[in-house]
Amino acid sequence: MRSTRKRIGEITAVALALAAIAPAGAGAASLQDVGGSASLETPVIVEASSDGGFDWGDAGIGAAGGVGLSMILVGSGLALSDRRGRRTGAHAQ
C-alpha cells in the first residue's frame, strides 16, 4: 500500500499540473481609478462577419491543443505511477 503522504503528494502534483495548463481567468477590472472616482469605459461594438465555412486553421489549433494536453496528462500519469512491478517466483522475498 502507498503511504498517505505519498498519495497526497501525487494528488497535489496533478492538481498543480492541471492548474498550470488551465487558461487564466480574466481578472475583474476595478471601477476605481487612481483618483478614487468611479469611471466606466464606453463599450466598443465589434461586428463579426461569418462566411459560413469550416475553418481548418482553428480545427488544427484545437487538435494540436488536445494532443498536447493528452501528452501532458499521460506523462504526468507515468511520472506519478508506481513503476515497481510485483515480484513473483524465485525473486520474491
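The first residue in the sequence is number 1, and the count goes up from there. Treat the numbers as computed from the prediction; the structure is a model and nothing was measured.
In the hydrophobic cluster analysis, where Ile, Leu, Val, Met, Phe, Trp and Tyr join through side-chain heavy atoms closer than 4.5 angstrom, Leu80 is grouped apart from Ile11.
Hydrophobic clustering, defined by side-chain heavy atoms of Ile, Leu, Val, Met, Phe, Trp and Tyr closer than 4.5 Å, leaves Ile61 isolated from every other such residue.
Listed by chain and number, the residues in a side-chain contact (heavy atoms from CB on, under 4.5 Å) with Thr12 are Ile8, Leu16 (sequence neighbours excluded).
Ser76 pairs with exactly one of Val74, Ile72, Leu73 by the side-chain contact (heavy atoms from CB on, under 4.5 Å) rule, that one being Ile72.
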